[in-house]
2 protein chains.
Amino acid sequence: MTQVHCTRAQTAVLQLLRQQREPISAQALYTLIKQQQRIGLATVYRALDALKRMGRVQHRVTLTGETLYNAVEQDRHYMTCLDCGQSFPLNTCPLKGLASSLQHSSSFTIYYHTLEFFGLCEPCSVQGG
Amino acid sequence: MTQVHCTRAQTAVLQLLRQQREPISAQALYTLIKQQQRIGLATVYRALDALKRMGRVQHRVTLTGETLYNAVEQDRHYMTCLDCGQSFPLNTCPLKGLASSLQHSSSFTIYYHTLEFFGLCEPCSVQGG
DNA sequence: CTTAGGAATGATAATCATTATCATAACGGG
DNA sequence: CCCGTTATGATAATGATTATCATTCCTAAG
């Protein structure tokens, strides 16, 4: 039940994720991996889910409802405009350091977190969103 | 185009959201409102989207893919177990105060944010997730 | 080396929350 | 009161994700 080693699919997924500069969707990942090896879309989803549970991959859901994944090493967060839908990356995580103190205050083991700001980007704000 | 006053549906949605202690899904909201007035599911979604764009309502997406909404007055955040899927509310927002400083450092107008920690709750952690 | 049991995989059908569509109803100004 | 616009309800369509199931791959025992 509990998995010790990564499966072939998980290895491929994790390796590709680490090469990405930005979070990527399961479908896009599927397209990329297919260029290298035979793989099914369901397997990509399964691998992502497993890696997520291991704490190696983190996820966030966009306004359009697709889930994006990235390796935990790249802890990325965004500001997303509710009008145009664009996401702008933060250059640093405002929670740096805070998560560890939270860790101590509860029995919960934290693997990763998602943080996203929503509002209006300047152009949309000017137009009058 | 830009909306000044709330529509009937938006008013009903916002009022009900303010009565909830926890974030609620669009469908559940729909069920609640239907008890009071004739309304369509699509209208609920439209109202939620509009309120979100106005910064009056905030949202988060659960692990199962449904979107939960709450009034911005109740700024709620959670720790979610990747194994059993349960969410545990934080009693305070670790970002309190930080968001405003971020506000100043960019031209982005922040309405709200989502913050969620993922990992393992104690029971799942013990079993060996 | 061969084989049996369990896990992983691929293809595809099914699910389900959300959106798009479209005809109708409500609204606001002239 | 009438016209153009916006909101609404009902329902069909969409699309990402999940379930299903037969097959393939591994691993470890014999």
Side-chain angles (χ1 to χ4, degrees), chain A residues 1-16 23-54 57-70 80 82-85 118 128-129, chain B residues 1-16 23-54 57-70 80 82-85 118 128-129:
Chain A
M1 169 180 274
T2 303
Q3 183 148 347
V4 182
H5 298 298
C6 278
T7 67
R8 188 164 131 89
Q10 285 163 21
T11 304
V13 164
L14 192 51
Q15 184 187 326
L16 261 175
I24 184 178
S25 72
Q27 310 243 8
L29 211 45
Y30 168 61
T31 304
L32 283 182
I33 300 182
K34 246 195 326 190
Q35 297 173 3
Q36 302 179 346
Q37 64 184 249
R38 186 165 186 269
I39 198 170
L41 178 58
T43 302
V44 174
Y45 276 104
R46 281 187 285 240
L48 283 168
D49 188 59
L51 290 167
K52 200 172 64 179
R53 287 163 181 272
M54 294 178 208
V57 158
Q58 73 186 58
H59 79 283
R60 100 187 146 97
V61 181
T62 69
L63 279 185
T64 62
E66 69 179 353
T67 305
L68 303 183
Y69 301 85
N70 63 276
T80 297
L82 290 167
D83 197 44
C84 67
F118 294 93
Chain B
M1 168 179 273
T2 302
Q3 182 147 348
V4 181
H5 298 297
C6 278
T7 66
R8 186 164 132 90
Q10 285 162 20
T11 304
V13 164
L14 191 53
Q15 184 188 326
L16 261 175
I24 185 178
S25 72
Q27 310 242 8
L29 211 44
Y30 169 60
T31 303
L32 283 182
I33 300 182
K34 247 193 328 189
Q35 297 172 4
Q36 303 178 346
Q37 64 183 251
R38 187 165 185 271
I39 197 169
L41 179 56
T43 302
V44 174
Y45 277 104
R46 281 186 285 239
L48 284 168
D49 188 60
L51 290 167
K52 201 172 65 179
R53 287 164 181 273
M54 294 179 208
V57 158
Q58 74 186 57
H59 79 282
R60 100 187 148 97
V61 182
T62 69
L63 278 185
T64 62
E66 68 179 353
T67 304
L68 303 183
Y69 301 85
N70 63 276
T80 297
L82 291 166
D83 197 44
C84 67
F118 294 94

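Below, chains carry the letters A, B, ... as their sequence lines are ordered, and counting in each starts from 1. Keep in mind it's a predicted model, so treat the numbers as computed, not measured.
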Checklist entry - Does a nitrogen or oxygen in the side chain of A:T7 sit under 4.0 Å from OP1 or OP2 of C:dT9? => result yes
Provide, to the nearest angstrom, the distance between the [atom1] atom belonging to [X] and the [atom2] atom belonging to [N].
X	N	atom1	atom2	value
B:Q37	D:dA7	CD	P	16 Å
B:D49	C:dT19	CG	P	7 Å
A:Q10	C:dA8	CD	C1'	9 Å
A:H5	C:dA8	NE2	C1'	15 Å
A:R38	D:dT23	CZ	P	13 Å
B:L48	C:dT18	CG	C1'	11 Å
A:L63	C:dT18	CG	P	13 Å

Next on the checklist: Checking A:T62 now: which residues fulfil side chain to side chain donor-acceptor pair (under 3.5 Å) with it, not counting sequence neighbours?
Outcome noted: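 Applying side chain to side chain donor-acceptor pair (under 3.5 Å) to A:T62 gives A:T64.
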Item to check | Pairing residues for A:D49 by the side chain to side chain donor-acceptor pair (under 3.5 Å) criterion, not counting sequence neighbours | outcome: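 With neighbours one apart ignored, the set is A:R53.
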Next on the checklist: For A:Y69, give me all partners under ring-ring contact (aromatic ring centres under 6.0 Å, His included), at least two apart in sequence or on another chain.
Outcome noted: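 Per chain and number, A:Y69 pairs via ring-ring contact (aromatic ring centres under 6.0 Å, His included) with no residue.
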Next on the checklist: Can you pull out the residues from residues 26-36 of chain B that lie within a 4.0 Å heavy-atom distance of DNA chain D?
Outcome noted: none
Distance from [X] atom [atom1] to [Y] atom [atom2], nearest 0.5 Å?
X	Y	atom1	atom2	result
A:H59	B:F118	NE2	CZ	4.0 Å
A:L63	B:K52	CG	NZ	5.0 Å
A:T11	A:Q15	OG1	CD	8.5 Å

Checklist entry - Base, sugar-phosphate, or nothing for A:T67, non-hydrogen atoms under 4.0 angstrom? => result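 Sugar-phosphate: the residue A:T67, judged by heavy atoms under 4.0 Å, touches backbone atoms but no base.
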Next on the checklist: I want to verify a distance call: between D:dG9, C:dA17, D:dT18, whose nearest atom is closest to the A:Y45 side chain?
Outcome noted: D:dT18
Item to check | Among D:dT8, D:dA10, C:dA11, the nucleotide that comes nearest once only the side chain of B:T43 is considered | outcome: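 Ranking D:dT8, D:dA10, C:dA11 by closest atom to the B:T43 side chain puts D:dT8 first.
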Checklist entry - Can you name the nearest heavy-atom pair linking A:G85 to A:T80, along with the distance? => result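 For A:G85 and A:T80, the tightest heavy-atom pair comes out as O-CG2, 3.9 Å.
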Checklist outcome for this item: What one should report as the nearest heavy-atom pair of A:V44 and A:A26 is CG1-O, 3.7 Å
Checklist entry - Between B:G65 and A:A9, which has a closest nucleotide on DNA chain C that is more 5'? => result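 Between the two, 5'-proximity favours A:A9.
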Once side-chain contact (heavy atoms from CB on, under 4.5 Å) is applied, do any residues pair with [X], and if so which ones, sequence neighbours excluded?
X	answer
B:Q27	B:S25, B:L41, B:Y45
A:I24	A:L17, A:Q20, A:A28, A:L29, A:L32
A:A9	A:T7, A:I39, A:T43, A:A47

Checklist entry - To the nearest 10 degrees, what angle separates the axes at the start and end of the helix from C:dC1-D:dG30 to C:dG30-D:dC1, five pairs each? => result 30°
Checklist entry - Considering heavy-atom distances to DNA chain D, does B:V44 or A:S25 have its closest nucleotide positioned more toward the 5' end? => result B:V44
Item to check | Under 4.0 Å protein heavy-atom contact, by nucleotide of nucleotides 22-30 of chain C - B base, S sugar-phosphate only | outcome: ---------
Next on the checklist: Restricting to salt bridge (charged side-chain N to carboxylate O under 4.0 Å, His left out), what partner residues turn up for B:R60, sequence neighbours left out?
Outcome noted: B:E116
